[in-house]
Amino acid sequence: MACSCHGKTRKTRKVKVGRFSIGGSSPVSVQSMCNTDTRDVKATVDQVRRLQDAGCEIIRVAVPDMEAAQALGRIKSGISIPLVADIHFDWRLAVEAVRQGADKVRINPGNIGERDKVKEVVKACKSAGIPIRIGVNAGSLKALREHPKPAWKPYDWARQMVKEALDEVRILERLDFRDIVVSLKADDIERTLMANTLFSSKSDIPLHLGVTEAGSFLAGTVKSSLGIGLLLTQGIGDTVRVSLTEDPVMQVRAAYEILKALGLRRYGPDLVSCPTCGRCQVNVGKVIHELEDRIYSDPQLLKKSEGMKIAVMGCVVNGPGEARSADFGVAGGKGRGIWIEKGKQIKVVKESEWVNEVIRKIRSSK
Ligand code: SF4
């Protein structure tokens, strides 16, 4: 992927996942993972549809047992983005997931076990023409089976993660299988950065970026933004997933905000709002949250508002000045506000109508 921050490009091979591509010159894609019980087809399809509306491009579901694997075909027929089956421990689940039409399989080879079993998964994916993600997590390295508490420094962890990923890559490539994506995740930034940087110096395989078990919304978003963002600024990373203990829709939004901040993707508007202070006599926070909820759950509004700068400011002291650089916006008074378009004060709008007015303005734009 090419990063506008430094103009660097790390050349990766292109891998197809359903109608999307990862790597090569493809834009950095946004993934998420369902937190529903995969066996509950309705709940899973409902969640994927919400994620699709929020812009999720590839969705992964956990496949803990055969019943979940057998549900994949029904889930796939209810959604319109590529479906990834996340498999641990049992290679037969991966084979069934492929049979059900999964668009990609994620395996943690350290958990699948013997090489013969990995080979069976490769055989199935090869004949279906779908890729495999080798997902290496710092916490489940094979080496930890023999040394559960190694005295490793961060770089030793990173080296071991890369070694285990490349060992698996070798198995797949020896079977003439090259549609591979790799992820190297740790729950801290240091090891995540080191492992991905090291891997990218050794291979052209596209990288799926993420900081695993990143945490709550605030802590996890900060950690993910740094981990994922710093790699992307070096031109490393082809697809991202932000892991948060949150509604997966927020993971998608956080991922896009990272990409948007780096100039790598466009996603909805640039919503500008003031932090409010003692001068404020309107509820800026409520307006912004309502606006976000309306825009980010409606694919049409999301698309139409792309690239727009919309300002919601708390008062007329600084508000109009700040709102001037926006395409349009409002600066509060008491229960009402001045509506501003391209720097011009147009009219007065009641606070209770601000959200609707912004939505109307987005809808009526060409
Ligand atoms: S725009 Fe007004 S209310 Fe908002 S922070 Fe600035 S001075 Fe305070």
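These values consider heavy atoms only, across backbone and side chains, with no hydrogens, waters or symmetry-generated copies. Start at 1 and go down the list; that is how both ligands and their atoms are numbered. Bear in mind that the values here come from a model prediction, so they are computed numbers and not experimental data.
Using a 4.5 Å cut-off between side-chain heavy atoms of Ile, Leu, Val, Met, Phe, Trp and Tyr, with links allowed through other members, Val181 and Val121 fall into different hydrophobic clusters. Using a 4.5 Å cut-off between side-chain heavy atoms of Ile, Leu, Val, Met, Phe, Trp and Tyr, with links allowed through other members, Val348 and Ile340 fall into different hydrophobic clusters.
The contact set between ligand 1 and Cys274, taken as ligand atoms under 4.0 Å from a residue heavy atom, comprises 1 (S), 4 (Fe), 5 (S). Residue contact check: Arg279 has heavy atoms under 4.0 Å from atoms 7 (S) of ligand 1. The Thr276 neighbourhood of ligand 1 comprises atoms 4 (Fe), 5 (S), with distances under 4.0 Å to a heavy atom of that residue.
Of the N and O atoms on the side chains of Ser29 and Glu57, not one donor lies less than 3.5 Å from an acceptor on the other residue. Side-chain contact annotation: Ser80 with Gln52, donor-acceptor N/O pair under 3.5 Å present.
Atom 2 (Fe) of ligand 1 has no N, O or S atom of Cys277 under 2.8 Å away, backbone or side chain. The nearest N, O or S atom of Cys315 is not closer to atom 4 (Fe) of ligand 1 than 2.8 Å.
Just one residue in the list Lys153, Gln160, Arg159 forms a side-chain hydrogen bond (donor to acceptor under 3.5 Å, both in side chains) with Asp156, and that residue is Arg159.
Residues Val252 and Ser32 approach most closely at CG2-CB, 3.7 Å, considering heavy atoms.
Within the 4.0 Å heavy-atom criterion, neither part of Val284 lies near ligand 1.
The closest approach between Val317 and ligand 1 stays at or above 4.0 Å for every heavy atom of the residue.
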